[in-house]
Number of protein chains: 2
Amino acid sequence: MNKYQIIHDELLKKINDGKYPEDAKLPSDFALMNRYHVARETSRKAVAMLVDEGYVMRIKGRGTFVINQNRYSFPISHVESYRELAARLNLNERTQLDAISDKDVPLVFDYGEQVPLPATEIVRIRYLDNEPVIIDRDYVLKDVVPEIKSLSASLSLFELFEQKLGLVISYAKKTITIETANTLDRQLMSLTEPMSIVVIRSETFLNDGRIISFTESRHRGDRFKSVEFSRRH
Amino acid sequence: MNKYQIIHDELLKKINDGKYPEDAKLPSDFALMNRYHVARETSRKAVAMLVDEGYVMRIKGRGTFVINQNRYSFPISHVESYRELAARLNLNERTQLDAISDKDVPLVFDYGEQVPLPATEIVRIRYLDNEPVIIDRDYVLKDVVPEIKSLSASLSLFELFEQKLGLVISYAKKTITIETANTLDRQLMSLTEPMSIVVIRSETFLNDGRIISFTESRHRGDRFKSVEFSRRH
DNA sequence: CAGTGGTCTAGACCACTCT
DNA sequence: GAGTGGTCTAGACCACTGA
């Protein structure tokens, strides 16, 4: 584990535990240097991560302060799996595996070449508080992962990629649009009335630049909420 | 201007101009050190910004590479004004100032205290290609900006804050939900049918920690698209 | 093996804030 | 003036990649 990562994690834990509550002042660069016996740039890197993540803000001449925290909703801007999300929010969550089959990546994903991309399609329905609210369709490219067993698909795909296969996920590109619920949506989510669906389509990339999967995540519009933290550029 | 900012801007310009096209390799840390006569950490900081912004990816032992770029849609995760967006996308854009008046911040914004917050309400309608697609309601706190003249409100609020008033915007917190178009939406956007509206509510903070404004931005659901770049944490 | 990015050090000078 | 964060330097060692 890197030094700056350790410092970051310890500070973040204290923020989440309320030891640094809202508006509290974090230790200064020099205080962190002494406490952890590191160079100043190392302690600054740890704090810079917290700034990036929206936990604290730094004010020149004054100090580093904890930002008012209520980021309890579905985050769009992070690559985060459903299981990680549910664990973080302490929600009663359940995932039902609907189907696994071989299927090319659909053309709604606007990947460059117009050649069919062989993939494994995994359809899952996500329940929060026993209500079906999300339909996930993952297309895992056969090029990268030739076969997926049914057992592991009921767990997290990210867990499979990272822990079992040793692949490292680097980033994703997501597109968010609004669509009207189609017949399949209504059926899978038990909808009786017309409903807007928030559609999040993403391509996930490995750290060597290869695409590993395309994902379509369809959220009930009336259950969807996202909270974002954004910095001024 | 900082050295790392200069290097960042020059690299970004070359990416946007196509001098570093997709998958192209950027100069290495050491090449940038020599070209700009800076220390390695300085050149690395410039590239780190490009990584943060999703323009490039770094692979250990290989190099730094330009990522496939098609981020041409409405960005949620940046604090970016409508004018900046339209300019970047080269869209035919027009803004119509609907009203300026004194009004407390509505309670839909979930700010802590339940005391009324006096503000200036600015209602603007945004046209893209001569079609009304966005309704913006800004509530600028009287505490920070006591008075807003009608003239400046037809321009960008951010321009007013930063250039005329010398205020520095630091970050924003945005909430995204889906609602059904209300009567006022239908009227202002000339909608005849029921329509989903993407509602983005944000609080904008200054670099001294004060809130300067609350904003509600209502987008036609069928014209809304957002492309996000997200890193794995 | 040389080249690359990742981490880390021990300094330095500056601008800003608060007392 | 003391304390803080912002920038910058000139090194160092490491892990990984590709020829």
Side-chain angles (χ1 to χ4, degrees), chain A residues 1-11 20 23-52 55-67 166-171 205-210 231-233, chain B residues 1-11 20 23-52 55-67 166-171 205-210 231-233:
Chain A
M1 185 81 102
N2 302 324
K3 290 188 181 180
Y4 69 83
Q5 187 67 266
I6 292 172
I7 300 174
H8 164 272
D9 291 352
E10 288 196 18
L11 291 175
Y20 294 128
D23 293 334
K25 188 175 179 179
L26 256 62
S28 72
D29 291 351
F30 296 95
L32 290 176
M33 285 173 66
N34 293 328
R35 182 182 304 179
Y36 291 98
H37 306 292
V38 295
R40 185 164 166 230
E41 289 289 5
T42 303
S43 72
R44 284 180 61 76
K45 194 161 183 175
V47 178
M49 291 174 70
L50 294 173
V51 172
D52 260 19
Y55 290 106
V56 303
M57 74 186 294
R58 310 195 82 169
I59 303 179
K60 192 191 290 190
R62 302 248 307 273
T64 305
F65 302 90
V66 176
I67 286 174
L167 300 169
V168 180
I169 290 163
S170 172
Y171 67 97
F205 293 78
L206 297 174
N207 67 343
D208 61 5
R210 287 184 298 170
R231 282 161 293 139
R232 171 77 165 154
H233 289 301
Chain B
M1 186 81 104
N2 302 325
K3 291 187 179 180
Y4 69 82
Q5 188 67 256
I6 292 172
I7 300 174
H8 164 272
D9 292 352
E10 287 195 19
L11 291 174
Y20 294 128
D23 292 334
K25 188 175 179 179
L26 255 60
S28 72
D29 291 351
F30 295 95
L32 290 176
M33 285 173 65
N34 294 328
R35 181 183 303 179
Y36 291 99
H37 307 292
V38 294
R40 185 165 168 230
E41 289 288 6
T42 303
S43 72
R44 283 180 62 77
K45 195 161 182 175
V47 179
M49 290 173 69
L50 294 173
V51 172
D52 260 18
Y55 290 107
V56 303
M57 73 187 294
R58 309 194 83 169
I59 303 179
K60 192 189 292 191
R62 302 247 307 272
T64 305
F65 302 90
V66 176
I67 285 174
L167 300 169
V168 181
I169 290 164
S170 172
Y171 67 98
F205 292 78
L206 297 175
N207 67 343
D208 60 6
R210 287 184 298 171
R231 281 161 293 141
R232 171 79 165 151
H233 290 299

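So you know, we letter chains A, B, ... as the sequences are listed, proteins then strands, and number each from 1. These numbers come from the heavy atoms of this one structure, side chains and all, not from hydrogens, waters or symmetry mates.
- Straight-line distance from the CE atom of B:M1 to the P atom of D:dT7: 12 Å, rounded to whole Å.
- Between the CZ atom of A:F65 and the C1' atom of D:dT4 there is a distance of 9 Å, given to the nearest Å.
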Subject >> Derivation of the side-chain contact (heavy atoms from CB on, under 4.5 Å) call for B:M57 and A:F205 >> reply: CA-CA 11 Å; B:M57 73 187 294; A:F205 293 78; 5.6 Å; no
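- In this entry the distance linking CG of B:L26 with C1' of C:dG3 reads 16 Å, nearest Å.
- The side chain of B:K3 contributes no N or O atom lying less than 4.0 Å from OP1 or OP2 of D:dT7.
- For B:R62, no side-chain nitrogen or oxygen approaches OP1 or OP2 of D:dC16 to under 4.0 Å.
- Taking CG from B:L50 and CG from B:L26, the interatomic distance works out to 7.0 Å, rounded to the nearest 0.5 Å.
- Along DNA chain C, the nucleotide nearest to A:V38 and the one nearest to B:G61 differ in position, and the one closer to the 5' end is contacted by B:G61.
- Each of A:K60, A:R44, A:K45 was evaluated against A:D29; a single residue qualifies, A:R44, per the salt bridge (Lys or Arg N to Asp or Glu O under 4.0 Å) test.
- A heavy-atom distance below 4.5 Å is found between the side chains of B:L11 and B:L32.
- C:dA12 atom C1' lies 12 Å from atom CE of A:M33, rounded to whole Å.
- Distances shown here put a side-chain N or O of A:S28 below 4.0 Å from the OP1 or OP2 atom of D:dT4.
- At the phosphate of C:dG6, OP1 or OP2 sits under 4.0 Å from a side-chain N or O atom of B:R44.
- Look at NZ on B:K60: it is 12 Å from P on C:dG5, rounded to the nearest Å.
- The side chain of B:Y4 contributes an N or O atom lying less than 4.0 Å from OP1 or OP2 of D:dT7.
- For A:T64, no side-chain nitrogen or oxygen approaches OP1 or OP2 of D:dT4 to under 4.0 Å.
- Residue A:K45 has a polar side-chain atom (N or O) positioned under 4.0 Å from OP1 or OP2 of C:dT7.
- For the pair B:F30 and A:Q5, both in contact range of DNA chain C, the more 5′-proximal nearest nucleotide belongs to B:F30.
- Going from atom CG of B:N34 over to atom C1' of C:dT4 covers 14 Å, rounded to whole Å.
- A:K25 is not listed as a side-chain neighbour of A:R62, based on a closest heavy-atom distance of 4.5 Å or more.
- For A:R58, a side-chain nitrogen or oxygen approaches OP1 or OP2 of D:dG5 to under 4.0 Å.
- With rounding to whole Å, B:R40 atom CZ is found 14 Å from D:dG11 atom P.
- At the heavy-atom level, A:V47 lies nowhere under 4.0 Å from the strands shown.
- A sub-4.0 Å separation between OP1 or OP2 of C:dT9 and a side-chain N or O of A:T42 is present.
- As a whole-Å value, the separation of A:D29 CG from C:dA12 P is 17 Å.
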